[in-house]
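Written out below as structure tokens is the structure these notes cover.
Here is the naming used below: chain letters follow the sequence lines, and residue numbers restart at 1 for every chain. On a predicted model such as this, the values are computed, not experimentally measured, just so you know.
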Amino acid sequence: MSAVPRSTLRRGVSVVARGAREQPRWFLVAVLGSALYGIMTGAMAWVIGRLTEGVIAPAVAARSVTPGQLWQIGLTIAGVVLLNVCGIILRRVGAGIAMYGLGASYRQKVTRQYLTLPLSWHHRHPSGQLLSNANADVEATWNIFAPLPMALGVVVMLIFGAVQMVIVDPVLAAVAMVVFPLLFGANAIFQRRMSPQVTRAQQLRADVSEVAHESFEAALVVKSLGREDEEAARFAEVTHRLRDANIAVGRTRGTFDPAIESIPTIGTLVVIGVGAWQATRGEVSAAEVVQIAYLFSVLSFPVRAFGWVLGEVPRAVVGWERVAAVLEARGGMVFGDNALRRDGRPISIAARAVEFAYDVDQPDGSTEKSPVLHDVTVDVTAGSTTAIVGPTGSGKSTLAGLMVRLVDPDSGAVLVDGLDLRALRHGALAEVAALVPQQTFLFEDTVRGNVTLGGHYADDEVWRALHIAHAESFVSALPAGLDTRVGERGANLSGGQRQRIALARAIVRAPQLLLLDDATSAVDPSVEQAILDDLRTVADGMTVVVVASRLATIALADEVVFLADGTVIDHGTHAELLDRCPPYASLVTAYARDAAAREEEVLLP
Amino acid sequence: MSRHGAAPLVDHSGIGSGGDLSTWATLRRGAVLSPELTRGLGITLVLALLSTLGRVMVPLVIQRTTDEGLLAAGGPDLGRVWFWVGLAMAGVVVTAFSAYAVNVRLFTSSENGLAALRLRAFRHIHDLSMLTQNTERRGSLVSRVTSDVDTISAFVQFGGLMLVISIGQIALATGLMLWFSPILAGVVWGCFIPLFFLIRHFQGVVGRAYTVVRERVGALLGAISEAVVGASTIRAYAIEERTARRIDTAIEAHRKAAVGAQVRAVVAFTAGQFVSGLTTAVVLVVGTVLAARGQLTLGELLAFLFLVNLFTMPVQQATEILNELQNAVAGWRRVIGIIDTPADVADPAENGVDLPRGPITVDFHEVSFAYPGGPPVLQDVTLHIEPKARVAVVGETGSGKSTLAKLLARLMDPSEGTVTLDGIDLREIRFASLRQRVVLVPQEGFLFDASLLDNLRYGQPSATETEIWGILTELGLDSWVRGLPLGLQTEVGQRGESLSAGERQLVALVRAYLAQPDLLLLDEATSAVDPETEVRLQRAIDGATRGRTSVAIAHRLSTAEAADEVIVVDAGRIVERGPHTQLLAAGGVYASLHASWAAQQGS
């Protein structure tokens, strides 16, 4: 972006129009306040002139002054000041309420989109970017409402001033007509030069933040590999680029600011010069020249408000485009209106010829499909326990995600009780199915809030779920029990504790379909075994799908689906697969064979 | 950094907020931390003074022009007018050029100073101990090197200069007013003195209001990030509505706080405007009385009114800036707070020693550890690990086994006792040497948003692709990498999220492996990897670690079976140690742990 495109201004106007339409009342208050301020600022000079002529000069001439006259002077000016101040308050408060109101309403709209758009959309957008869309970009869009009412008030002020000037003397008014456009022009050039530089600095500021974020999140890895110096160098690089960009901004500002400040003064001097010459020819009175010179100096500062508004335009436009990109994103999941039976009895789930590929970003910015599942057909009958087994990266978690409709298949279908998941109304699946993912996510909330997720469950139900998840003892040892806050992402708990809270979250719902995606990987084997045993006591009403690699878990399953490279290699009971599917046997008996091999090594050195 | 036998618990009181620093002390400390800010400040101030003089003089000259030229007795005196106008023009030019120089100098010095401050804070955050880092949200740490520094720059670049200029103008205007009429000058100051107290009061009010706004922004970002990072959980449980409500609450709280702060700031600002206006009224009233008594001419009174304007404008500007100053000082305090937080697990740097390369002997001498304010996690652990030994540490969750690894990697220091490598106290070993020789692979190894190759190279940037392929083959992971869409060039996405959890662990493992440490610490490093791959890795690592010492924390006991020695931790103490077969035969804690493991593997 080398210069602001001409259309930037037009798009800026449409952003402003949108804002004004959505906050008409407070925007109007601000503009009226600003007009009041503008009129009163112009009126001050006039009032002082009137008082001087009508009250002060006669009093000085008479060498006496009455208290009445003094009251008249004081109260008149105080009145103008009061109105002026009222104008300022209305303008700034009105603008503030409009601006923050717009910010709040667009933050709501943007975050609603985050909650509506599919996970595939989320995967394509870095979380840092989404955060700044909802925060910094919304702010950048509506910040223009801070200087805008002032600028609109200045229009009133300028008209007021122009009329006064034309009445006094058209020649002097003509000088003004040259100077003010010059001022606008200088401001416009300034903003044109400035905005790409500011945009660049803004982008670099985001880069600095991104590097810092990633680096601090990686703090443990940085420490354990001793990479502090390299991280500091990486951060220094973006920081120095930001510094240079900011200095460039400063240089431009440094050049234009004094120039723009000089123009009105030069204009005033020209008015005086020309006025003096005209006065010698008797075309205007000296007093009139002084009046116009004064008006000039009063008006020239507020005129800069236009510069501020123009300066905000590119920022607002860029911010709006980033916000609009989120708001216009389509492809939210489509829901039908079917519900599922909620009778506490297990339901079946099946995948039919499912294909699925992730979008992978390429270094050149394009995306490529990375196939994960290919022609996957799986049948899980109601009430059964099915284990999904496969090597690392074979697509097990993706399949589990498809079964609770975290994502939709590219082709094929996932059916629950014979119904396509896409035909269900929103929330219907969650009422009967629960997934405990490999990577648990806890909310910054209490233990209770994290288990119930806002659902209405009695404390003893929560405790019972915690008991089955073997989280009861550590939760009751927490300072405030169920009401203990777990911190951001559950930071106050260990990995195993977080997993068990997440497990209780699923169990408390008494789901008719429970999916466990390696959900106890951070739990000790003995505890894990106990959890699985206890789960079986409540599993009568459940269909269970478990992504597993431990033999004990697999052996409990009625059916095993063996997945490799995204396709179903074989399925059947554990014994059948062990018998006829060598890669499966090799995978699940790895530990036992390894142990046996080691024993042999010991025996036969 | 000397520690005595029974040293008290390390103070992990967390990251300082610098809240106890006064405004003045903050500015002083800030100037010390960024010497670039004050370098050449003298010249900048002289130039600023020059441009201030110009700013004051130009209107004064205009005033004289009108008084003596335009309004001269007997009609306008064109010669005088031209003379004064020419003089004023010269003043304008001088002002403009000195203002330009001041702007550029200020931008350059402040950006340099603040970039240095950013870098220093960033580096210091990495130097803080793991426990100290964990006392604060990552986002909040980020803001210390981003938005907090930005508030300072906004102030230093605009506010700071305007404050200097304003104070200069106030002084000049006061001098001129005294020259015109000491009485009226007294009246003006009399009107403004209450304003100064009012300003002080408002500063506190406005400052507190903005502190609340900043806190609300933090809460807002937290709530929004849950919707982003927790997206799949929210989908899986269909709690979009609830999440939306939580976000709305945070948005509304922020909006209220922002409007509240705005209203307070407007009131503070208009108080200044109001007092200025009233001052004009009072000056006019008193001046009329004085003029009526013949102590002042009408012309002098009107000229004085003009001076009042020269005085009130900078005073109002100063009011605004002082509010901004509060903001900047708050940001500055937070940055200083982090820089002044002691790095309690510090690099001995030049006072330290380097470890020579080669297999490492590990010793724990009566080591105890407790998290701040918590019960002891490890108690009186004494342990000797021979060089080249492959040790597995097992125990139940919360037994303290991970703590052992963290102490060994010196992510934390023991509360009591010492950990030594080759007989040297860990606290005396230079970090540069320690990190080269000891590498910890955590359970969740963080991946950077870059290619797989860059992530693997992270611990050893000089590794060539050929070397990497060699290692991948050695570990039996080459076919996995070949199966990825772009092989080594595959982008792993944010935090490595394009890979599965098990694949991320593989990356973290290879990364550590490439760094070729002499002591390899594996903290549940393969918990999400499938059994066959794990066994294969285990075998490969065994082969490769023959020359090095390795300590693996594991709850999959296959690791223990393969180790030379198993150390069993229970309730913070080492309860058993010895080879797998021996412990199994002993029928103790290990035997029962192994029984439940075997039960899972058996059948």
message: Test of understanding: with salt bridge (charged side-chain N to carboxylate O under 4.0 Å, His left out), list the residues that count as partners of B:E534, not counting sequence neighbours.
response: B:R556
- prompt: Is chain A contacted by the side chain of B:E561, its backbone, both, or neither, given a heavy-atom distance below 4.5 Å?
  reply: both
field: Structural part of B:Q443 lying under 4.5 Å from a heavy atom of chain A
entry: side chain
- prompt: Is any NZ, NE, NH1 or NH2 atom of the basic residue among A:R112 and B:D248 found under 4.0 Å from an Asp or Glu carboxylate oxygen of the other?
  reply: yes
field: Contact leader toward chain A among B:E524, B:R123, B:M89, B:E503, where contacts are heavy-atom pairs under 4.5 Å
entry: B:R123
- request: Report the C-alpha separation of A:R489 and B:S225 in whole Å, then their side-chain angles, then the decisive distance to 0.1 Å, and conclude whether the side-chain hydrogen bond (donor to acceptor under 3.5 Å, both in side chains) test is met.
  value: CA-CA 10 Å; A:R489 317 258 188 283; B:S225 77; 3.2 Å; yes
task: Please determine, by modelled atom types, if B:N103 and A:R253 share a side-chain donor-acceptor pair under 3.5 angstrom.
output: no
task: Could you check if a side-chain atom of B:Y100 sits within less than 4.5 angstrom of a side-chain atom of A:T255, using non-hydrogen atoms only?
output: yes
query: So which part of A:H122 gets closer than 4.5 Å to some heavy atom of chain B, the side chain, the backbone, both or neither?
result: side chain
message: Under 4.5 Å from any heavy atom of chain B, what part of A:T440 do you find: side chain, backbone, both or neither?
response: neither
- prompt: Quick one: CG on A:L269 to CH2 on B:W82, what's the gap to the nearest 0.5 Å?
  reply: 10.5 Å
- prompt: Would A:D445 and B:R242 pass as an ion pair if we require N to O under 4.0 Å?
  reply: yes
query: Excluding sequence neighbours, so at least two apart, what forms salt bridge (charged side-chain N to carboxylate O under 4.0 Å, His left out) with A:D565?
result: none
Side chains of A:E231 and B:H126 in contact at under 4.5 Å (non-hydrogen atoms): yes
